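Below, read A as the first sequence line, B as the second, and so on, with proteins coming before strands; counting in each chain starts at 1. This structure is a prediction, so every number in the text was calculated from the model and none was measured. Hydrogens, waters and symmetry mates are skipped; everything else that's a heavy atom, side chains included, is used.
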2 protein chains.
Amino acid sequence: MNKKNVTIKDIARAAGVTHPTVSRALNNHPAISETTRKQIVALAHDMGYVPNATARGLKTNRTRALGAILQRIDDPFWSEVLDGVESVLHSEGYSLIIASTHSEKKREKELLPAMVERGVDGVLLMSPRFREEQCRFLDSYNLPMVMVNNEGVGESRFVILTDDEYGITLLTRHLIDMGHTRIAYLGKRNSASSRNRLAGFRAEMQSARLPVDKKYFYHASAGNPIGGREGAEYLFSLDKPPTAIVCYNDFMAVGVYNFLQENGLRIPEDVSVTGFDNILISSYLYPPLTTFHQYKFELGEGAGRMMMEVLSDQQKNLESPPAKKVILKGILKIRSSTTSPGS
Amino acid sequence: MNKKNVTIKDIARAAGVTHPTVSRALNNHPAISETTRKQIVALAHDMGYVPNATARGLKTNRTRALGAILQRIDDPFWSEVLDGVESVLHSEGYSLIIASTHSEKKREKELLPAMVERGVDGVLLMSPRFREEQCRFLDSYNLPMVMVNNEGVGESRFVILTDDEYGITLLTRHLIDMGHTRIAYLGKRNSASSRNRLAGFRAEMQSARLPVDKKYFYHASAGNPIGGREGAEYLFSLDKPPTAIVCYNDFMAVGVYNFLQENGLRIPEDVSVTGFDNILISSYLYPPLTTFHQYKFELGEGAGRMMMEVLSDQQKNLESPPAKKVILKGILKIRSSTTSPGS
DNA sequence: CTGTTAGCGCGTTCAT
DNA sequence: ATGAACGCGCTAACAG
């Protein structure tokens, strides 16, 4: 029972009609009698027919596949976003093609042409490092792109993101309210969103009339535990270490925890620590991490849906398809990694 | 400068040749003069030509795309494996299409036909729950599949995996050597590899003439911190709780840590804990987790490469393509979450 | 070495 | 409501 390669022609022959009729029956074309449609649909099912997306794509010039470009797949934040994307796409009959840059220039150059070659209908840019050049490239192929948590780039027309400034403000104010004055920001190098969060942090410090000293900023080489540890090491090499550390994300906070605990510093009694994202492990750390919850899955879903709308607009041949921008808030999760200084 | 849709015909026209000649030039066909080839290649470059994979796929019946099916993307173990897969595929000019089942029957049914429809050249099965029915389905379309850490299924011809029994034996023996006798196994329901690990655990216990009591086995609903916490709660509701817990994986151990620490139990003084996988955070936990390192990235790379070989065999029309099986070992990482009981 | 012809599977005109 | 004919972009067969 090898049913490989059943085509609409095979079905047509079996049904005693021609293949356009089969095509119409299978695509709910209006001009077809209900009886033959049912018969053909049943036959197609029996014969194990599976449409050939490649052929359809060649004809329609739409593949129903989307590309997603990110720095790494094995990042707890982005992999959750990806799950959201995949969820929406699957239910819409789209496929998701993923590619990661690993922050290598070479790959960044190669990936976009690869996506064009593959004929994806659109690209989700989840990698912070793309610049205008790359956007123009996609534009030149009329490939829509949706920026996910990646506002920094050019004049993107389609954007969805979590409000970094809102989140960092809540976290910073929380620490200030608890009485902290020497607060460090531990960010990540070469990251637009880390810069945004730092800006929000500084603004909130200033509005509270607290000193902001650059020596309490550190930009680590990676947004993971390795980078977090690296930053903590620096901050605790200072004469007057901070009493609280605002981390770029939860993943880095894990590394900060590691350093502090290894050096006998208690969280939160000696140092308060905050994260960002609320990844799955954050509430299971010891102590549970105070952080800002991002709606990661929903961010992915939203990105997927936004792209669906863009594609639908595009098909309607609107000459000026509306720009789209969605800003998600999030919620402050106060847990046990923060307390008043000196308590 | 909208260079959308430059085809080989366009290039042919510009070069004063016919399109098959362009095709030959671009595909390094032997029968073509070096001069015209160079000219055409240069022209193609200038015109911003990007081949159309869809059209090529229709003709060649090979898409140079692979599907990967897993339960969830946002799992620290699998996302690292995925990164390895993607890395190999990209360098071979293949694309990676991912789909996750979320352990839902409905999706499990839908995903395979979707892959067939999309015309992938092969499928990487990273989801433990596939059964023979699904394998036969893929077989009926001549779609090769590679099982990744997923041996339990039928008579798979292409398999790559980490030696579960080897790993669990090392961990168990490590605990036994330290003097533990009441050791619990905390697994995951409906998981072939969890069953394998349990079997290895039991065997090692028995060979050490230690009692194995079913009440010290628990199979949690999920292989993540939630499941880990669930299991720890159960184990510490027992009259005589274990002095050591062997967890199915590191992710679950995070939940175990959480429960123990919240209840004032010290790791490892009161309870020793081991994981499996050595995910990124494991060495950053407090205390750093004793675990078994799986070569996750390499597992993904190996799976990708194995599929490349299978496809290459398939193209050679070998009537009996050789079966393939790769078993990776791994290494015991003794850290600070284990010690002798009562120390 | 190059051009001619044909066809992959499908959707989409035209007819009827 | 259905059939006949065509073409999407590409590669492969055979001619010359």
Side-chain angles (χ1 to χ4, degrees), chain A residues 3-41 43-44 47-64 93 116-121 141-142 315, chain B residues 3-41 43-44 47-65 93 116-121 141-142 315 317:
Chain A
K3 34 190 168 175
K4 194 180 60 162
N5 290 343
V6 179
T7 74
I8 55 172
K9 283 187 185 171
D10 298 326
I11 300 173
R13 206 173 307 125
V17 295
T18 56
H19 67 273
T21 303
V22 176
S23 173
R24 284 188 274 255
L26 264 26
N27 292 305
N28 294 325
H29 194 90
I32 189 152
S33 82
E34 198 51 36
T35 55
T36 58
R37 144 173 305 146
K38 279 188 181 168
Q39 180 199 345
I40 289 175
V41 167
L43 198 54
M47 297 174 71
Y49 171 73
V50 174
N52 182 325
T54 307
R56 178 180 290 159
L58 180 59
K59 184 66 193 173
T60 62
N61 216 22
R62 304 191 66 219
T63 54
R64 298 186 77 82
V116 171
E117 177 167 349
R118 178 85 29 211
V120 296
D121 294 338
Y141 289 95
N142 270 344
Q315 247 190 340
Chain B
K3 34 188 169 178
K4 193 180 63 161
N5 291 342
V6 179
T7 75
I8 56 173
K9 283 187 184 171
D10 297 326
I11 300 174
R13 205 173 306 125
V17 295
T18 58
H19 65 274
T21 301
V22 176
S23 173
R24 285 187 276 255
L26 264 26
N27 292 304
N28 293 326
H29 193 90
I32 189 149
S33 81
E34 199 50 35
T35 54
T36 58
R37 144 172 307 143
K38 279 187 181 167
Q39 181 199 345
I40 289 174
V41 167
L43 198 53
M47 297 174 71
Y49 171 73
V50 174
N52 182 326
T54 306
R56 178 181 289 158
L58 181 59
K59 182 66 193 172
T60 62
N61 215 23
R62 304 192 65 221
T63 53
R64 296 186 79 83
V116 172
E117 178 167 349
R118 178 80 35 205
V120 296
D121 293 338
Y141 289 95
N142 271 344
Q315 246 189 342
N317 268 321

Which of the following nucleotides, [options], is nearest to the side chain of [X]?
X	options	value
A:Thr18	D:dG3, D:dT11, C:dG9	D:dG3
B:Arg24	C:dG3, D:dC6, D:dT11	C:dG3
B:His19	C:dT5, C:dG9, D:dG9	C:dT5
B:Lys59	C:dA6, D:dA5, D:dC8	C:dA6

Can you tell me if the side-chain N/O atoms of [X] get under 4.0 Å from OP1 or OP2 in [N]?
X	N	answer
A:Tyr49	C:dC10	yes
B:Ser23	D:dT11	yes
B:Arg56	D:dT11	yes

Between [X] (side chain) and [Y] (backbone), is there a donor-acceptor pair under 3.5 Å?
X	Y	result
B:Asn52	B:Thr54	yes
B:Arg24	B:His19	no
B:Thr60	B:Arg56	yes
A:Asp121	A:Arg62	no

Interatomic distance where [atom1] belongs to [X] and [atom2] belongs to [N] [whole Å]:
X	N	atom1	atom2	value
B:Lys9	D:dG9	NZ	C1'	7 Å
A:Asn27	D:dT2	CG	P	15 Å
A:Leu58	C:dG7	CG	P	17 Å

Exercise. Where is the tightest heavy-atom contact between A:Leu58 and B:Ala55, given as atom of each residue plus distance?
Worked result: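 Minimum heavy-atom contact is CD1-CB, 3.6 Å.
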Seminar exercise, completed: Between A:Thr54 and B:Thr21, whichever has its closest DNA chain C nucleotide further toward 5' is B:Thr21
Problem set entry | Earlier contact from the 5' end, DNA chain C, for B:Pro20 and B:Ala55 |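 By nearest-heavy-atom nucleotide position, the 5'-most residue is B:Pro20.
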Problem set entry | A:Leu26/A:Tyr49 under side-chain contact (heavy atoms from CB on, under 4.5 Å): CA gap, chis, key distance, verdict | CA-CA 11 Å; A:Leu26 264 26; A:Tyr49 171 73; 3.6 Å; yes
For this session: Measure the CE-OG1 distance between A:Met47 and A:Thr7 for me, rounded to the nearest 0.5 Å.
Result: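 One finds 8.0 Å between CE of A:Met47 and OG1 of A:Thr7.
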Exercise. Does anything in residues 29-41 of chain B reach DNA chain C, meaning a heavy atom under 4.0 Å, and if so which residues?
Worked result: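 Heavy-atom contacts with DNA chain C come from B:Ala31, B:Ile32, B:Ser33, B:Thr36.
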Exercise. So what does B:Asn61 touch, heavy atoms closer than 4.0 Å: a base, only the sugar-phosphate, or nothing?
Worked result: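 No contact at all - B:Asn61 keeps every heavy atom at 4.0 Å or more from the nucleic acid.
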For this session: Measure the shortest side-chain to side-chain distance between B:Val17 and B:Thr36 over non-hydrogen atoms and say whether it is less than 4.5 angstrom.
Result: no
Exercise. Does a side-chain N-to-carboxylate-O contact under 4.0 Å join B:Arg64 and A:Glu117?
Worked result: no
Exercise. For DNA chain C, what is the dot-bracket line, given that a base pair needs Watson-Crick (N1 to N3, plus N6-O4 or O6-N4) or G-U wobble (N1-O2 and O6-N3) geometry with both distances under 3.5 Å, and | means paired with another strand?
Worked result: |||.||||||||||||
